[in-house]
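See structure below.
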Amino acid sequence: MPMKKIAGEHIRLKRLELRHSLESLANAVGVSHSYIAKLEKGEVLNPKEEILVNIAQVLDVDEDALFNMFGKVPRPAKDTLMNNPVFAKAFAEIDSDKQLSEEQQEELKKKFIHWHKVLSKDNK
């Protein structure tokens with residue numbers, strides 16, 4: 001099962017555990033109930049970060065884990081790197097490259113973060 005479909009199933013199970021209807025979760029997150037249904041079925045492949053943040057808050061799930069399930073760079077990691085001028089410039093270049101899909105952009109950012117962590121450990 002693809003990771004994004006697993007992420008949708010995770011959201012659905014947590015929603016049911018907390019006894020939220022599609023409508024109540026959708027209202028709390030600020031989207032339509034059909035959007036939540038599609039997200040749970042794995043039909044929404046690239047949800048906006050703010051939607052994932054809202055879902056994580058409403059369902060009390062780990063935001064970083066949810067971001068990772070959807071192949072997105074977690075916000076704290078991205079924020080830390082954006083304070084580094086070299087990474088900030090690299091991320092801006094990646095974001096402005098119209099030949100890359102959003103998924104490819106996120107994958108490149110995740111690789112930057114991975115290598116930053118590896119190199120940071122080596123320098124300690």
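The chain is numbered in sequence order, starting from 1.
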Check your understanding: Rounded to the nearest 0.5 Å, how far does CG of N46 lie from CD of E103?
Key -> 6.5 Å
Study note, to complete from the structure: By side chain to side chain contact (heavy atoms under 4.5 Å, CB included), L100 pairs with (sequence neighbours left out) I94, D97, Q104, Q105, L108
Review point. Would you say the side chain of K72 lies within less than 4.5 Å of the side chain of L66, judging by non-hydrogen atoms?
Key: no
Please list every donor-acceptor pair under 3.5 Å in which a side-chain atom of residues 24-32 meets a protein atom from a residue at least two apart or in another chain.
unit_1, atom_1, unit_2, atom_2, d
S24, OG, H20, ND1, 3.2
S24, OG, S21, N, 3.0
S24, OG, S21, O, 3.2
S24, OG, S21, OG, 3.4
N27, ND2, E23, O, 3.3
S32, OG, S34, OG, 3.1
S32, OG, Y35, N, 3.1

Review point. Rounded to the nearest 0.5 Å, how far does CZ of F67 lie from NZ of K110?
Key: 11.5 Å
Practice item. Not counting sequence neighbours, which residues clear salt bridge (Lys or Arg N to Asp or Glu O under 4.0 Å) with E49? List them please. Key: K78
Revision key, fill the gap. Residues F70 and G8: closest non-hydrogen pair is CZ-N, 4.5 Å
Practice item. Tell me, please, which residues at least two apart from E63 pass side-chain hydrogen bond (donor to acceptor under 3.5 Å, both in side chains). Key: R75
Study note, to complete from the structure: By salt bridge (Lys or Arg N to Asp or Glu O under 4.0 Å), E17 pairs with (sequence neighbours left out) K14
Practice item. Can you sort out the partners of K38 under side chain to side chain contact (heavy atoms under 4.5 Å, CB included), two or more places apart, ordered by chain and number? Key: E43, V44
Point to revise | Residues in salt bridge (Lys or Arg N to Asp or Glu O under 4.0 Å) contact with D95, at least two apart in sequence or another chain | key: K109
Point to revise | Residues forming a ring pair (Phe, Tyr, Trp, His ring centres under 6.0 Å) with F112, sequence neighbours excluded | key: F87
Revision key, fill the gap. Rounded to the nearest 0.5 angstrom, the CG-CG distance for L45 and L39 is 9.5 Å
Check your understanding: For the hydrophobic clusters of this structure (ILVMFWY residues joined by side-chain heavy atoms under 4.5 Å, transitively), does one cluster hold both M69 and L13?
Key -> no
Review point. Could you state the interatomic distance from CG (L52) to CD1 (I11), rounded to the nearest 0.5 Å?
Key: 6.5 Å
Quiz: residues 55-62 side-chain donor-acceptor pairs under 3.5 angstrom, not counting sequence neighbours:
unit_1, atom_1, unit_2, atom_2, d
D62, OD2, D64, N, 3.3
D62, OD2, A65, N, 2.7

